[in-house]
Asker: 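What follows is a single structure, and I will ask about it in a moment.
Proteins come first, then strands; the chains are lettered A, B, ... in the order of their sequence lines, and each starts at number 1.
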Amino acid sequence: MYKIRADMISWILHKITGFAIVSFLIFHIWGMSQMSKGPDAFNAVIEAYKTPLFKFGEVLLLGAILFHGLNGMRIILGEFTRWAMDRHRLLLVLTYMIAGTLFIIGGIALWRAE
Amino acid sequence: MSSRGSKGWLLQRISGALLFITLGVHFYIYHYFMGPGMWGFESIGYGANDLETLRLMAESDPTQARFYALASLFAAPVWKVFDILFITLGCYHGFYGIVANIEDMVTHPTWRPVLSWLTYFAAFILWVMGVVTVISFNPQLF
Amino acid sequence: MQVTVEIYRQEAHSGASHFDTFVREVDPTDQILDVIMEIKDDVDGSLAFRKSCAHGVCGSDAMQINGMNRLACQTLIQDLKSDRIRIEPLKGMKVLRDLIVDMDPFFESLAKVKPYFIPKTTAPAAERKQTIEERARFDDTTKCIMCAACTTSCPSFWSNDNYLGPATLVKAHRFIFDSRDGGDRERLEVLDDRDGLWRCHSIYNCTDACPRDIEITKAIGDLKRYTVAQR
Amino acid sequence: MIHKFDAIVVGAGGAGLRCALELTEQNYNVAVVSKLYPVRSHTGAAQGGIGAALGSEEEDHPEWHMFDTVKGSDYLGDQDAIEILANEAVEAVMELEHFGLPFNRTKEGKIAQRPFGGHTRAFGEAPVKRACYAADRTGHMILHTLFEQCVKNKVRFFNEFYVLDLILKDDVCFGVIAYELATGELHVFQSKVVFLGTGGYGRVFSITSNAHALTGDGMAIAFRRGLPLEDMEFVQFHPTGLRKLGILVSEAARGEGGILRNREDLDNIGTGKDGFMAAVAPTVKDLAPRDMVSRAIYNEIKAGRGIMGTGDTGSDYIYLDLVHLGAKVINEKLPDISHFARKYLAVEPIKEPIPVQPTAHYAMGGLPTDNDGRVLKDAAANPVEGLYAAGEVACVSVHGANRLGTNSLVDIVVFGRRAARDMSRYLKDAEFEEIDADPEAFVAGEIDRLKNGSGNEKVADLRKEMQSVMMSKSGVYRTEENLEEARKTVLELRRRYQQVSVKDSSLYFNTELVEAIELGHLLDVAWTIAESALQRTESRGAHSRVDYPDRDDKQWLKHTFIRKLGDDKVEFDYKPVVITKFQPKPRVY
């Protein structure tokens, strides 16, 4: 079993969150097309969103987007600048920390929202 | 060899960076801007008359206020453009990501292109669905 | 000190595999190569592994030691900070026997990027001039000993062995960034391919595995930017 | 299995690859047959540089290079060959640069050069910058560059094929027999011409800078076939091997300004002041030739001035001080050796001196050849048709009694290429010869004996005994008594070798069998070293007899040819030294 290191975890997480976001995108575009059918259809979707299961999903989505987005920016930075390459470990740690902090703050807010 | 990767790689990074920005705007608008505050959107391209109609409709049926509020935004031409851009970037970036994963893991000479093209096809369907929804949306119809 | 050494064993390329365990008395400064050579000398002569220079310049004895690719001659007991040592062959390659893997595909992959000097100009009577700065640009990648530790540490390579792999890209870097070389166009054809550069996802396993401390991921980053700019 | 090629090159080190490259340029059908994968060869371990009088940094002339090499060889080197070496070195280095070798550069963009042991300006005036280098991995870059060019020319490689015998018929060579490690199969390589570039035999000794693979294979297989070996008594001990490990610390360390220090000199560490070598060689100091520096180190240790002060040359050591060079020079010009010191001895060369002791390094002797690499079958210089050799396995002789640093790399590229050029001349009218049925019978018999023997001698035990006796009795200093003991022990070990049995019965990668075969080769070589050293009753270059401390030009200005007569008998013959420009003089630096 090869040792799993921080960079490799970020690579795996990037894949997983990517797949999660694409799945949501499919669901979201479908939801939007429903919504455009009128107020009743729209409210049905909104009501469904308010169930705990969907809320939980929404929190997870927030986490996925935060990580995927920030980590993606880190990857871009790391591939385009030597400056970032020299500091790739530090930037990786920062990515985890910023994504984590925003996830906790945003996640709580999202969960509490009506 | 016709198969290349540099363009795809670069576009994936550009679309990713743009998505990072557009997603921020999208998220902000739809989650924190939604509600009474958003009635001030005349300034960004929505006709005062149309807005007035929506406001009246919302007042006559308060339970549907949220829908009308969102619809007012959704119907604005600027936001239509924004949403189409957003859908395009999302479909491209997301599905190219899947194609990249297929190329990472599938080496079979037949399955590799078949799976990739199926993914591109699915992306196209989804994109059409999204764009049609955005363009055809007209709250006046309700 | 006493250590427990578990070594991957496989009779032949088609045989079943298992781990053999040896308990050995060692010095903290012993090389892993010393330890497995002593096991071969004293306990089990049939243990098969490659070795040659024994000080990290020939690249024969790359293997997986406690979950990381390293050269057995360049890894001391004390580096592992453990009294359990697990030794396995390089991952993602065909095992021929015990710790010996088939290196032919590795060298074939290397040959794809035209890993040789393609002169830009016809040879002058004396040397082609090159400034100290121009040479410094590719100095790091000239250190490669082709041990395959990087390529076989790469998750992209594990899942797709058509991928050129870090070692091949290092070789490409060594020539593309040599101011005297004029073979960029031909090499970019190979690099800018679905199984070329773009299978690298900057996971940095290769950089960590390199026994010569080559900054491989950075070198690949250089190649990506260069390729995108050229095409 | 039978393979047919115009030319077979045995060994994929610098000499073999240079030769193969030249032959493919001439469009011959060539196969390189090697015990290791390419780029694993020990050329890659050469660190400091390749000597050539380019004069990039200061005035230099091939004639000065020639003089230094002659003097370094203690006048035993053949001066016609040395002149070729010094002259062709310049072209050979330029050629390597044209192959893309990344030499370090001067400010003007020319190939950078640095001083090296024994290389001087104006016939001994002062050290000169002659070693062209690529950091401290010059050999690595030469090996890789040549391999790359071979890939370009699509040279056919047979990797991990161990050549165990020559196909000789009436003193004409028609191919080789090789054992394929992966399958245990014997292969017959039939050819019109064969080149041996199999390297040295450092593993005869317990402390050596050499790879495990350096087991004197080429010399042993020729010796068994009744061919003579030349100057086997001359073994170079490199003065600065890492303590206990023997890993090479390049002379480039002293070329850049490193200084050797004994225990009375500890206060001067980091000051850059002269060390004990200043008294031994006032002009060149720490850059004296290797034989002199190794002896000086042993003398310091014996006089109780080793760092431990025990007087035991086996375990005591001295320091190589680089501290005053500063971090920049150490990290940029000597990165690999600093890495070795840090890794293996936990010593930080920027702050502390490196513990070193002499380590068996290079074989000056080997298969006698002429200046075109043709292997000679006797001291009268008659060649074996179709058999060539170059590099450490061969003895041209350009290194004489002591090789100068950087000349081994010059040797492989200059004589590897010369051999190839003569081979292509030979190939023009050479034909494939009908070979005997079952040419591999001898090798098959040997393998069968090792695999099915009933004895219970162990390879590792015999090897350790041989290495230990050769190191202590046939090392830097020698006496008749010690050499006699070494000879007796080796002969006894050769008898015990007949009782070796290999327990591993597998056909696939039977490395136990390979090590047993290698031991057989090592024992043959050790035997020739002890016998040759015993009969040469003088001190010259690396051969230093305590009982005959002086050079004896009257009796011994000649090359030793040793030939096998029976299982424990050898005969000697002698070949005069070629002297052209420089008459022998006392050797002081």
Asker: Looking only at heavy atoms, which of residues 13-23 of chain B get nearer than 4.5 Å to chain A?
Answerer: B:Arg13, B:Ala17, B:Phe20, B:Leu23
Asker: Just so I know, are the side chains of B:His93 and B:Leu11 near enough to count as touching, which here means a heavy-atom distance under 4.5 Å?
Answerer: no
Asker: Can you name the nearest heavy-atom pair linking A:Phe56 to A:Trp111, along with the distance?
Answerer: N-CZ3, 3.6 Å
Asker: Counting only heavy atoms closer than 4.5 Å, note whether B:Val132 contacts chain A via side chain, backbone, both or neither.
Answerer: neither
Asker: B:Ile84 and B:Thr88: which non-hydrogen atoms are nearest, and at how many Å?
Answerer: O-OG1, 2.6 Å
Asker: Do A:Arg74 side-chain atoms and A:Leu92 backbone N/O form a donor-acceptor pair below 3.5 Å?
Answerer: no
Asker: At a heavy-atom separation under 4.5 Å, does A:His28 approach chain B through its side chain, its backbone, both, or neither?
Answerer: side chain
Asker: Could you please state which residues from residues 97-104 of chain B sit under 4.5 angstrom from chain A, measuring non-hydrogen atom to non-hydrogen atom, sorted by number, or 'none'?
Answerer: B:Ile98, B:Asn101, B:Asp104
Asker: So for A:Ile65, is it side chain, backbone, both, or neither that comes closer than 4.5 Å to the heavy atoms of chain B?
Answerer: side chain
Asker: Counting C-beta onward and ignoring hydrogens, is there a side-chain heavy-atom pair between A:Trp11 and A:Met8 closer than 4.5 Å?
Answerer: yes
Asker: Looking only at heavy atoms, which two atoms of A:Ser33 and B:Thr133 are closest? And how far apart?
Answerer: CB-OG1, 3.4 Å
Asker: Taking all atoms of both residues into account, what is the closest heavy-atom pair of A:Phe67 and A:His14, and its distance?
Answerer: CE2-N, 3.7 Å
Asker: Would you name the heavy atoms of A:Ile29 and B:Cys91 that are closest together and state the gap between them?
Answerer: CD1-SG, 4.3 Å
Asker: Distance from B:Leu118 atom CG to B:Trp111 atom CH2, nearest 0.5 Å?
Answerer: 8.5 Å
Asker: So, for A:Leu110 and A:Glu58, which heavy atoms are closest and what is the spacing to 0.1 Å?
Answerer: CD2-O, 3.7 Å
Asker: Under a 4.5 Å cut-off applied to non-hydrogen side-chain atoms, are A:Ser10 and A:Thr95 in contact?
Answerer: no
Asker: Please classify the contact of A:Ile26 with chain B as side chain, backbone, both or neither, using a heavy-atom distance under 4.5 Å.
Answerer: both
